[in-house]
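Below is one structure; the comments refer to it alone.
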Protein chains: 4
Amino acid sequence: MPLSKFTCCPLAESQAKRERRKEARPGELLAAALDLFVEKGFAATRAEEVAARAGVSKGTLFLYFGSKEELFKAVVRENISGRFTEWEAELTTFTGTTSEMLAYAMRSWWERVGMTKASGITKLMMSEARNFPEIAEFYQQEVILPGHELIRRILQRGIERGEFRVLDLEHAVYSVIAPMIFMMMWKHSVGACAPASFEMHPELFINQQIELLLHGLTGAGQPVAPRA
Amino acid sequence: MPLSKFTCCPLAESQAKRERRKEARPGELLAAALDLFVEKGFAATRAEEVAARAGVSKGTLFLYFGSKEELFKAVVRENISGRFTEWEAELTTFTGTTSEMLAYAMRSWWERVGMTKASGITKLMMSEARNFPEIAEFYQQEVILPGHELIRRILQRGIERGEFRVLDLEHAVYSVIAPMIFMMMWKHSVGACAPASFEMHPELFINQQIELLLHGLTGAGQPVAPRA
Amino acid sequence: MPLSKFTCCPLAESQAKRERRKEARPGELLAAALDLFVEKGFAATRAEEVAARAGVSKGTLFLYFGSKEELFKAVVRENISGRFTEWEAELTTFTGTTSEMLAYAMRSWWERVGMTKASGITKLMMSEARNFPEIAEFYQQEVILPGHELIRRILQRGIERGEFRVLDLEHAVYSVIAPMIFMMMWKHSVGACAPASFEMHPELFINQQIELLLHGLTGAGQPVAPRA
Amino acid sequence: MPLSKFTCCPLAESQAKRERRKEARPGELLAAALDLFVEKGFAATRAEEVAARAGVSKGTLFLYFGSKEELFKAVVRENISGRFTEWEAELTTFTGTTSEMLAYAMRSWWERVGMTKASGITKLMMSEARNFPEIAEFYQQEVILPGHELIRRILQRGIERGEFRVLDLEHAVYSVIAPMIFMMMWKHSVGACAPASFEMHPELFINQQIELLLHGLTGAGQPVAPRA
DNA sequence: CATGAATGAGTGTTCATTCAT
DNA sequence: GATGAATGAACACTCATTCAT
């Protein structure tokens, strides 16, 4: 844009800046709210604090979200993207073994969700589900259901191809999911105020968890992810 | 009740009942508080509601617990029994294989903690840890640390006796704990308002989880806990 | 109560005092609210001010009335007693001329309503009716309708007995009511902040109004209620 | 519009319209404000609503009126025309009987004020006088005082010419004014949300009211304004 | 001039906590 | 001890007013 330095009227620019701010506001507020809701819970988070963290005044918050509750719902909705379709596509075209597939799914989950702020949503839902049944319902439809479906299909593939032994699919899904839920909860609760002794190295843990999930504690073969 | 004919006035009886109630008060309050804190979180639980559920007046609550925060601490403290000593004793004298030992530990954990109200404490800590750092610290010392220690010793025994392969102990502990934490969280959040499709059969899940933990998905042998 | 000076326990007395206060609270609050609502309108009256005038804290107000709106409704309801039955009884047994009857009705209205605080309710309703349609409806049923009925019956009697000439009853009712409504409005608006020049002597006005209503401006006979 | 062919671009036209609108702005705002103030009272009327009804933005309102209070004052001031001079002139040159004169005054009042939006101002003053003493004072000087003066002069004329009997002038003025005030209040309060049973036919009422005022309920002669 | 995004003082309402009874 | 009436600090939310664009 070489011409832009000659811009005769600053109107465009400042207008743009204002517009940009206006469009950015909801996002900034949602980000601030996510942080605080995850950190302190819904009830203990003050609206003014959210506003302050987003760099605006209390009134502005209510300009964008009609109430604290609507803000909460927006936070959850915003962070529950339908990332599953993309994910399922990847797995549908996967050509390796199902063990590799499962490992891939767990590792990419960590990179795309577990290690990001989005993981806080899970903590939020676990903590507040009973106070927001409608939101919990929404979360189940949008996250839990497709998530389970995804894992179930992987396990099914493993069984059908003779890679995994026959097992109770429904509960096996929970076995795969449990360590992931656990990591998110841990990170946002004990992990946030724990002494060094409880530090967890997520990548190491995931690697070993995959190993254990596939071959078990008694599994033969090389030692499992020895700590560097 | 042949003695009752000597009770000239019902005063004595109700007096006695009152005494009993008086001594029971703190316990009833703690039980009510546990329920409500688990259900709605600390901030969203009203002191009056706790009192009402315990069958006393608002004022009485503050007679026994100086503040809502103290009540919370007492709830946590009260429900963190030093059951570990007893438990460790059991395991120290355990004579079977380590696989059996691990299975025993997980199953008895379910009976003694997982399926009881005490499981709510874990949900509470996960939800509120960051609002109550001192309590979280206390919880770590009293529950997490000994719990980890217990699991670690089992795993260590397995490795030393050549039953389990060598692995990163610290993270393996998390692999054992994760499904248990998961069950408690699930039960008190999604599980409390979930449709039938998300129902979980804890015993089945634990059985299969033990199997998976020991032999993995690819493990040979008979199918794992096929659903009845 | 000569024995009361020996009352061994002051419990009874203080209990009583507390009880009395508790029972008196709603009344005190309603009185304070009536004053302020009449003076400043519903919206411009602050809940805290009402409480302060009743000698209690803001919180106490909400102990007795769930919301400002409920307080408003209670104020109106409280001051709309079914005084009409008593009134109608009086008029049913009235034996004089209908002129005397009308005069009696207007004068006793002044003593029982017009000159009391209850007159403020009319101002309130006139000012706020459109903001509280349900209350306005209630007011119509409880006050306007029976009030009109009462006046209508008097006029009807006058016509039937040949004392009053035939006229459009419905509108004649308004002619009787108008000066009374007017007095209440005036008193609580202009009258409350008017210079001496607008002072009104209600008794004089009513007397002359009765005279005019009965005989008109052109009526023969002695001068009408010359000012003392 | 033969000149319009010289308007090469529609800009001029819309420019013109804009100019016109610009000059019309204050008037539109005052009209909108009058409606809303009358309907909901001063405190319960939101500035933004006034602006919206006038078709401008919130900011624009404050461009023309420094504050909501100033807007209110302007509304009152604007709607209190010095129509009295014109009126007094009419009455000064009146040649009929004083009864006719009074009837004319009341009927023309209805046409010029009572049935127009201006009647809302009276409701406003009655409702808000105590919150705006200065405005109330102004209203007294500009409306009440000259209004009373006008009525007083008519009555005085009637007495002096022997048409009306001697009476307490001050209070007789109120007797004339009361039904007019009443009509305006009624129309803007109960009348605005009343069931058909409380409907009032202003012309009928005024006619009969005049009759009653002149000859009273007991007046001989033909029946008073029998309902068509 | 007009706009509407932003502000923050103000108000209704809640609820932990106190204390007279 | 037990009660529950009373308190007032705290917080969600509103809205008149400002001002950058």
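Quick caveat: nothing in here was measured; it's all calculated off a predicted structure. FYI, side chains are in, hydrogens and waters are out, and symmetry mates aren't considered; it's all heavy atoms of this structure. So you know, we letter chains A, B, ... as the sequences are listed, proteins then strands, and number each from 1.
Of the two residues near DNA chain E, C/Thr45 and B/Ala47, the one whose nearest nucleotide lies more 5' is C/Thr45.
Put simply, CD on B/Glu48 is 10 Å from P on F/dA5, counting in whole angstrom units. Nucleotide E/dT11 holds its C1' atom 15 Å from the CG atom of C/Leu71, rounded to whole Å. At whole-Å resolution of the value, NZ in D/Lys40 and P in F/dA16 are 11 Å apart. In this structure, A/Leu29 places its CG atom 14 Å from P of E/dA5, rounding to the nearest Å. Going from atom CD of C/Glu70 over to atom P of E/dT14 covers 10 Å, rounded to whole Å. Rounded to whole Å, the distance from CZ on C/Phe42 to P on E/dG12 is 8 Å.
Contact of the A/Leu71 side chain with the A/Tyr64 side chain is not registered, since no non-hydrogen atoms from C-beta on lie closer than 4.5 Å. Using a 4.5 Å cut-off on side-chain heavy atoms (C-beta onward), B/Lys40 and B/Glu49 make contact.
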Side chain to side chain contact (heavy atoms under 4.5 Å, CB included) between C/Met126 and C/Lys123: does it pass, once the steps are laid out? CA-CA 5 Å; C/Met126 294 284 169; C/Lys123 193 241 176 175; 5.8 Å; no
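The pairing partner recorded for F/dT21 is E/dA2, the criterion being a Watson-Crick or G-U wobble arrangement whose two distances lie under 3.5 angstrom. Across all strands shown, E/dT14 forms a Watson-Crick or G-U wobble pair with F/dA9, both key distances being under 3.5 Å.
In this structure, CE in D/Met125 is found 12.0 Å from CG in D/Asn79, a value given to the nearest 0.5 Å.
Residues of residues 54-69 of chain A that place a heavy atom closer than 4.0 Å to DNA chain F, in numerical order, are A/Lys58, A/Phe62, A/Ser67, A/Lys68.
Crowding of D/Glu78 atom CD: a count of heavy atoms from other residues, nucleotides or ligands under 6.0 Å not exceeding 12.
Taking the ring centre of A/Phe42 as origin, the terminal cationic atom of A/Lys68 falls inside the region bounded by 6.0 Å and 45° from the ring axis.
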